[in-house]
Amino acid sequence: MKFSQGIFYFHTFVKNSDMLSIHYIRENTTEVVERLKLKNFNATQIIDTILSIDIKRRETKKNLEDILAKSNSLAKEIGILFQSGKANEANILKSETTELKQQSKELTEVLDLLEKEQNQLLITLPNLPHSSVPIGKTPEDNILIYSEGSIPQLSDDCLAHWDLATKYNIIDFELGNKITGSGFPVYKGKGAKLQRALINFFLDNAINNGFTEIQPPLMVNEASGYGTGQLPDKEGQMYHVTLDNLYLIPTAEVPITNLYRDVMLKADQLPIKNVAYSQCFRREAGSYGKDVRGLNRLHQFDKVEIVQLQTPERSYETLEEMKDYVASLLRQLELPFRILKLCGGDMSFTSALTYDLEVYSTAQQKWLEVSSVSNFETFQSNRMKLRYKDNEGKNKAVHTLNGSALALPRIVAALLENNQTPEGIKIPKALQAYTGFEIIN
RNA sequence: GGAGAGAUGGCCGAGUGGUCGAAGGCGCACGCCUGGAAAGUGUGUAUCUGCCAAAAGUGGAUCAUGGGUUCGAAUCCCAUUCUCUCCGCCA
């Protein structure tokens with residue numbers, strides 16, 4: 001495969017991948033349609049079309065392969081005849097191959113077309129939601145499954161984090177505007193140190209919980225973007241370095257999961273638990289207004305991401321563990337938080353089940369999403385051809401899971417706002433060993 | 001960036017037009033041998049996919065990727081990607 005010329009080669013990897021496999025759709029048609037309804041996706045017509053193309057496709061394939069089989073055996077015979085000096089007989093057989101060649105050429109063209117059509121339709125189908133996913137269309141329909149911590153009582157003159165950042169001279173949004181643009185803040189002094197402290201705090205926690213630290217590239221190629229599902233759907237969300245056809249990662253999920261692209265694992269290697277700190281780059285095209293104020297939505301931000309590869313049997317158990325692990329970080333940071341189970345309509349295209357963890361940002365008086373923990377089941381591994389050999393020697397697709405643990409900016413926002421006092425901003429105990437100071441003043 | 005060499009199965013490595021999905025070795029699995037083990041020895045050991053309810057069986061595809069020449073390509077031609085060596089540049 002080659003990626004240097006972008007769009008032109010894109011079909012190459014579209015061609016061989018099913019996100020939902022055609023086999024599954026073929027054998028569980030009604031179930032697929034029903035479950036996609038949970039995501040408010042009406043698949044009836046698309047699937048009908050896919051299945052009728054599939055019939056034609058397999059028929060064509062069969063015909064083509066029959067012809068190829070004939071050609072192969074003729075070629076073999078011709079070879080034997082030539083070697084035993086029977087050139088005349090060989091030449092007679094040769095003339096028989098002309099028509100076969102023509103036929104196979106035509107059928108190949110038809111088959112290519114059918115495969116392309118089929119895959120273009122398959123690619124439009126989102127991942128099947130897990131059966132426990134709540135019905136719903138908007139964030140209002142998400143289910144609150146847990147909450148913890150009490151919301152601090154602040155005085156009426158409390159400040160939002162962007163004002164606190166200026167007051168204590170720890171984050172400079174204006175400077176970022178000057179040297180780059182909006183959404184690229186500059187962290188200074190204790191603000192910078194706080195960043196570094198949080199990163200180390202999150203990494204150390206993950207390592208202590210059995211995750212292996214990875215330091216990935218911050219740019220990825222097209223195949224990687226495709227593997228985790230950012231391409232082709234969300235192309236406009238990534239910064240694209242056109243000269244080299246590379247993309248700045250929107251999350252470490254992309255390089256970390258793609259480490260296992262085209263890999264065949266053994267059952268005893270699972271689960272694989274990786275953690276990575278990276279800076280993340282998002283164009284956030286189309287988001288304007290209040291929500292982007294301060295640290296709420298940035299073009300560049302810091303995040304520690306956990307990724308797990310697990311067997312299908314245990315992946316939901318693992319999802320719960322990951323959710324609880326992220327909650328433990330928020331608990332240590334003494335932030336009031338809640339956990340939501342996302343409804344079908346609010347889930348991402350690729351996810352089968354997602355929990356969002358939100359912290360309360362007291363001065364802004366709103367909940368901020370700081371982590372999203374998802375099980376993608378086989379959606380990504382199908383795209384990436386990531387499989388494992390189970391104990392019976394059968395190849396199966398691996399389940400992939402990931403979650404933020406955690407994304408820094410909104411954590412910082414909540415820490416600043418919730419912990420403001422007349423004396424300054426108090427650093428939670430668990431973090432003090434990392435910051436080396438107890439208060440920002 | 002310039003010049004040259006190369007890319008073969010889990011790994012090493014042979015293979016320059018025909019019966020090659022690919023010798024040989026290592027590794028791995030199972031068996032024999034052994035009191036047990038090592039050594040020795042025998043057998044097996046890729047992936048995707050079509051037909052089939054499934055297994056068996058059988059067909060197709062795959063020797064970096066894509067295309068071409070040919071009745072026939074791991075082998076010849078073209079393009080691309082990557083790796084290595086030397087030179088240049090450089091944190």
Side-chain angles (χ1 to χ4, degrees), chain A residues 1-19 21-28 51 53-112 114-116 118-119 122 215 217-227 243-246 258 260-269 378 381-398:
Chain A
M1 262 186 247
K2 34 190 176 178
F3 312 113
S4 61
Q5 290 173 38
I7 297 156
F8 181 77
Y9 290 108
F10 194 69
H11 299 293
T12 329
F13 25 90
V14 174
K15 192 177 163 188
N16 293 319
S17 46
D18 306 338
M19 9 329 298
S21 87
I22 181 67
H23 296 103
Y24 195 84
I25 294 174
R26 211 187 285 148
E27 275 150 40
N28 308 279
L51 289 177
I53 292 174
D54 187 49
I55 291 168
K56 267 188 260 170
R57 195 197 104 236
R58 279 146 68 206
E59 199 180 283
T60 310
K61 189 162 181 150
K62 174 99 181 85
N63 292 340
L64 175 62
E65 286 179 356
D66 286 347
I67 286 167
L68 288 177
K70 265 185 224 164
S71 308
N72 285 347
S73 72
L74 273 178
K76 215 169 253 185
E77 279 182 58
I78 291 170
I80 293 166
L81 288 173
F82 269 126
Q83 281 188 332
S84 49
K86 299 174 184 166
N88 285 341
E89 290 180 44
N91 282 322
I92 292 165
L93 281 185
K94 251 177 148 175
S95 62
E96 284 183 38
T97 62
T98 330
E99 198 189 338
L100 289 177
K101 231 182 158 180
Q102 181 59 27
Q103 283 177 341
S104 77
K105 200 178 158 192
E106 283 165 17
L107 284 173
T108 304
E109 276 168 24
V110 176
L111 184 63
D112 282 352
L114 289 169
E115 280 180 350
K116 213 160 138 187
Q118 188 175 60
N119 280 301
L122 280 172
Q215 202 172 98
L218 301 182
M219 293 193 217
V220 293
N221 58 29
E222 230 174 313
S224 296
Y226 184 76
L243 194 59
D244 298 291
N245 198 27
L246 295 172
N258 273 284
Y260 303 92
R261 174 151 47 82
D262 290 318
V263 164
M264 174 74 74
L265 296 164
K266 288 181 187 142
D268 60 15
Q269 290 177 270
T378 61
S381 56
N382 279 340
R383 285 183 173 224
M384 284 191 292
K385 294 204 200 104
L386 159 57
R387 287 152 301 160
Y388 78 103
K389 242 183 221 309
D390 72 9
N391 292 324
E392 278 128 43
K394 286 203 167 169
N395 299 330
K396 292 165 90 173
V398 171

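Letters go in sequence order (proteins before strands), and every chain restarts at 1.
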Report the C-alpha distance between A/Asn221 and A/Tyr226 in whole Å, list the side-chain angles of each, state the deciding distance to 0.1 Å, and finish with yes or no for side chain to side chain contact (heavy atoms under 4.5 Å, CB included).
CA-CA 9 Å; A/Asn221 58 29; A/Tyr226 184 76; over 6 Å; no
Check whether any side-chain heavy atom of A/Glu115 lies under 4.5 Å from a side-chain heavy atom of A/Leu111, and answer yes or no.
yes
Which heavy atom in A/Thr378 sits nearest to a heavy atom in A/Ala397, and how many Å separate them?
CG2-CB, 3.6 Å
Determine, for nucleotides 67-74 of chain B in 5'-to-3' order, which nucleotides have protein heavy atoms under 4.0 Å from the base (write B), from only the sugar-phosphate (write S), or from neither (write -).
----BS--
Please report the distance, rounded to the nearest Å, between CG in A/Leu64 and C1' in B/C51.
14 Å
For a side chain to side chain contact (heavy atoms under 4.5 Å, CB included) check, start with the C-alpha distance between A/Leu100 and A/Glu96, then their side-chain angles and the critical distance, and finish with the verdict.
CA-CA 7 Å; A/Leu100 289 177; A/Glu96 284 183 38; 5.9 Å; no
Rounded to whole Å, how long is the line connecting atom CD of A/Glu115 with atom P of B/G50?
11 Å
Options B/A61, B/G59, B/U19, nucleotide nearest the side-chain atoms of A/Leu68:
B/A61
In whole angstrom, give me the gap between the C1' atoms of B/A22 and B/A61.
15 Å
Quick check against the 3.5 Å criterion: does A/Ser381 have a side-chain atom that pairs as donor or acceptor with the backbone of A/Val398?
yes
In whole Å, measure the gap between the P atoms of B/A23 and B/U45 for me.
11 Å
Can we say A/Asp54 and A/Arg58 salt-bridge, meaning some charged N sits less than 4.0 Å from an Asp/Glu carboxylate O?
yes
Candidate pair A/Asp262 and A/Met384, rule side chain to side chain contact (heavy atoms under 4.5 Å, CB included), full reasoning
CA-CA 6 Å; A/Asp262 290 318; A/Met384 284 191 292; over 6 Å; no
If I pick the C1' atom on B/G4 and the same atom on B/G15, what distance separates them, to the nearest angstrom?
24 Å
What is the distance from CD of A/Glu59 to P of B/C52, rounded to the nearest Å?
12 Å
Separation of B/U62 atom C1' from A/Asn72 atom CG, nearest Å, is 13 Å
Which whole number of Å gives the distance between the C1' atom of B/G59 and that of B/G1?
50 Å
For the residue pair A/Asn258 and A/Ala223, what are the closest heavy atoms and their distance?
OD1-O, 4.2 Å
Send over the distance from A/Glu222 CD to B/C82 P, rounded to a whole Å.
14 Å
Work out how far the C1' atom of B/G9 is from that of B/G57, and round it to whole angstrom.
24 Å
Atom-to-atom span, CG of A/Leu265 to P of B/G10 - whole angstrom
14 Å
Go through A/Lys105 and A/Lys101 one step at a time and tell me if the side chain to side chain contact (heavy atoms under 4.5 Å, CB included) criterion holds.
CA-CA 6 Å; A/Lys105 200 178 158 192; A/Lys101 231 182 158 180; over 6 Å; no
Distance in angstrom units between A/Gln83 CD and B/G18 P, rounded:
7 Å
Assess the side chains of A/Asn63 and A/Thr60: does a donor N or O sit below 3.5 Å from an acceptor N or O?
no
Atom-pair distance (CD on A/Glu27; P on B/C52), nearest Å
12 Å
Provide a list of protein-nucleic acid N or O atom pairs under 3.5 angstrom, restricted to nucleotides 46-49 of chain B.
{"residue": "B/U47", "atom": "OP1", "partner": "A/Lys389", "partner atom": "NZ", "Å": "2.4"}
{"residue": "B/U47", "atom": "O3'", "partner": "A/Arg387", "partner atom": "NH1", "Å": "3.1"}
{"residue": "B/C48", "atom": "OP1", "partner": "A/Arg387", "partner atom": "NH1", "Å": "3.1"}
{"residue": "B/C48", "atom": "OP1", "partner": "A/Asn395", "partner atom": "ND2", "Å": "3.1"}
{"residue": "B/C48", "atom": "OP2", "partner": "A/Asn395", "partner atom": "ND2", "Å": "3.2"}
{"residue": "B/U49", "atom": "O2'", "partner": "A/Lys61", "partner atom": "NZ", "Å": "3.3"}

Decide, yes or no, whether a salt bridge links A/Asp66 with A/Lys62 under the criterion of side-chain N to carboxylate O below 4.0 Å.
yes
Interatomic distance at P, B/U47 relative to B/C11, whole Å:
13 Å
Using the P atom in both, what is the distance from B/C30 to B/A38, to the nearest Å?
12 Å
Under 4.5 Å between any side-chain heavy atoms of A/Leu386 and A/Arg261, yes or no?
no
Rounding to the closest angstrom, what is the interatomic distance between B/G2 and B/G10 at atom C1'?
37 Å
Note every stem involving RNA chain B: at least three consecutive Watson-Crick or G-U wobble pairs, i with j then i+1 with j-1, with both distances under 3.5 Å.
B:1-7 with B:81-87, B:10-12 with B:24-26, B:27-32 with B:40-45, B:46-51 with B:57-62, B:64-68 with B:76-80
